[in-house]
Amino acid sequence: MAKGLILCHQDGEFSGESAGFGLPVLKTKNQTIFPSYVSTTRHPSGSVEVVYHLNRVTAWQISGVAAPALFSHFMEKIVAFYMNRPKFQSTGLTIRNTLFTFFKIQSTMTPGKSFGYCRVLYEANRLQLKISVKGPVLKNPDQLILLNEVPGVDFTRLVISDKNSKKILEGADFCPWQPCPIETAVENPGLHIGFFLSLPENQKKSRFDIAAGREVGQDLNWAGLSLAPDLSKFVYFVNFYQF
């Protein structure tokens with residue numbers, strides 16, 4: 001699977017099992033489609049343009065034996081159940097880690113059907129990363145999602161803010177998946193750094209769904225924010241800060 005841009009701070013690289021920043025994935029009715037690299041172009045202005053091919057799917061193995069295709073559909077249903085029940089997520093993650101260890105369940109990315117291409121332009125300006133996306137024309141109910149992730153073992157705090165309140169979730173209270181306002185931030189308390197998303201003034205917030213999540217376990221080490229638009233062409237920002 002391809003990755004987006006990786007955060008570097010104080011000579012450290014924050015990758016883990018995360019997707020990085022500005023990585024497009026596609027959710028269809030029955031599966032999640034991940035990207036592979038097609039090309040990377042560096043422009044004289046310092047921006048970087050990456051073309052992703054949405055053509056990778058998850059293949060599962062149980063005790064070293066390839067699982068049937070129906071197992072992938074089953075896992076997608078389990079993930080959907082899990083995502084829609086925040087109160088169950090901590091317990092569900094523990095059960096998942098236990099089962100994966102006992103049955104030696106592993107996953108790899110394999111080539112699958114092409115769902116088109118997504119062109120992403122990354123432009124860094126001080127502590128802000130501008131991400132311009134031109135994705136494929138979507139078919140109902142397909143959903144393009146932009147992932148913005150860092151390692152979950154390092155970024156353990158979620159700060160949920162809106163105009164009227166502020167809520168801080170630490171460690172295990174930082175659930176694997178929850179809808180949130182766009183002002184929500186993910187923080188590393190040890191290094192006193194964090195990030196949040198924002199949109200240009202001419203793009204309506206109502207056209208974007210934001211979610212936060214963190215998972216640490218077997219083959220899992222990520223925390224971050226996802227952005228799901230109802231557009232195939234849009235711009236958003238990742239804003240980094242120190243506190």
Side-chain angles (χ1 to χ4, degrees), residues 1-25 34-54 56 109 118-135 144-161 168-171 174 176-177 180 182-200 210-228 234-243:
M1 184 186 83
K3 289 196 175 190
L5 300 192
I6 301 301
L7 174 64
C8 295
H9 177 68
Q10 295 181 349
D11 297 326
E13 180 183 291
F14 293 90
S15 177
E17 298 296 329
S18 74
F21 290 90
L23 184 77
V25 300
F34 296 93
S36 60
Y37 290 118
V38 175
S39 64
T40 300
T41 304
R42 296 181 181 273
H43 298 291
S45 63
S47 62
V48 176
E49 185 176 55
V50 181
V51 177
Y52 297 97
H53 189 190
L54 296 166
R56 289 290 188 272
M109 293 292 167
C118 187
R119 188 179 301 270
V120 183
L121 180 68
Y122 304 97
E123 301 173 81
N125 182 17
R126 295 183 181 273
L127 293 177
Q128 186 180 74
L129 177 64
K130 179 181 179 181
I131 300 178
S132 305
V133 181
K134 185 177 181 182
L144 183 66
I145 301 172
L146 272 293
L147 302 179
N148 306 276
E149 297 177 354
V150 287
V153 296
D154 302 301
F155 287 76
T156 58
R157 178 186 293 165
L158 184 68
V159 182
I160 304 174
S161 302
I168 297 177
L169 301 176
E170 298 267 9
F174 186 169
W177 179 268
C180 61
I182 196 168
E183 295 83 2
T184 298
V186 174
E187 293 183 345
N188 181 322
L191 293 177
H192 303 284
I193 57 175
F195 66 91
F196 64 94
L197 308 182
S198 63
L199 297 169
I210 311 298
R214 175 176 178 266
E215 291 182 311
V216 177
Q218 182 177 328
D219 299 325
L220 293 172
N221 179 18
W222 68 271
L225 301 164
S226 68
L227 181 146
F234 56 94
V235 174
Y236 73 99
F237 302 99
V238 183
N239 306 281
F240 300 92
Y241 61 92
Q242 294 183 301
F243 58 92

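From a predicted model like this one, the values you see are computed outputs, not experimental measurements.
The CG atom of Leu23 lies 12.0 Å from the OG atom of Ser226; values are rounded to the nearest 0.5 Å. With rounding to the nearest 0.5 Å, the separation of CG in Leu197 from CZ in Phe21 is 8.5 Å.
Across every non-hydrogen atom of Phe196 and Thr184, the tightest pair is CB-O, 3.2 Å. Considering every non-hydrogen atom in both Ser198 and Gln128, the closest pair reads OG-NE2, 4.5 Å. Ile6 approaches Gly20 most closely through the heavy-atom pair CD1-CA, 4.0 Å. Contact record, Leu54 with Pro35: CD2-CB, 4.1 Å, taken as the closest heavy-atom pair.
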Report task. Kindly determine whether Trp222 and Glu149 satisfy side chain to side chain donor-acceptor pair (under 3.5 Å), including the steps that lead there. Result -> CA-CA 6 Å; Trp222 68 271; Glu149 297 177 354; 5.4 Å; no

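Inter-residue side-chain proximity for Phe234 and Leu146 is flagged as met; some heavy-atom pair is nearer than 4.5 Å. For the pair Ile168/Leu158, no side-chain contact is recorded, criterion being any heavy-atom separation below 4.5 Å from C-beta on. Annotation: side chain of Phe240 is in contact with side chain of Leu7 (closest heavy-atom distance under 4.5 Å). Side-chain contact between Ser132 and Val120: absent, with no pair of heavy atoms (C-beta onward) separated by less than 4.5 Å. Between Val186 and Phe174 there is a side-chain heavy-atom pair separated by less than 4.5 Å. Contact of the Leu129 side chain with the Phe237 side chain is not registered, since no non-hydrogen atoms from C-beta on lie closer than 4.5 Å. The shortest distance between side-chain heavy atoms of Arg119 and Val133 does not fall below 4.5 Å.
Ring geometry for Tyr52 against Tyr122 counts as perpendicular: the plane angle is over 60°, on a 0 to 90° scale with 30° as the lower cut.
When only modelled atom types and interatomic distance are considered, Ser15 and Lys3 share a side-chain donor-acceptor pair under 3.5 Å.
No donor-acceptor pair closer than 3.5 Å links the side chain of Arg214 to the backbone N or O of Trp177.
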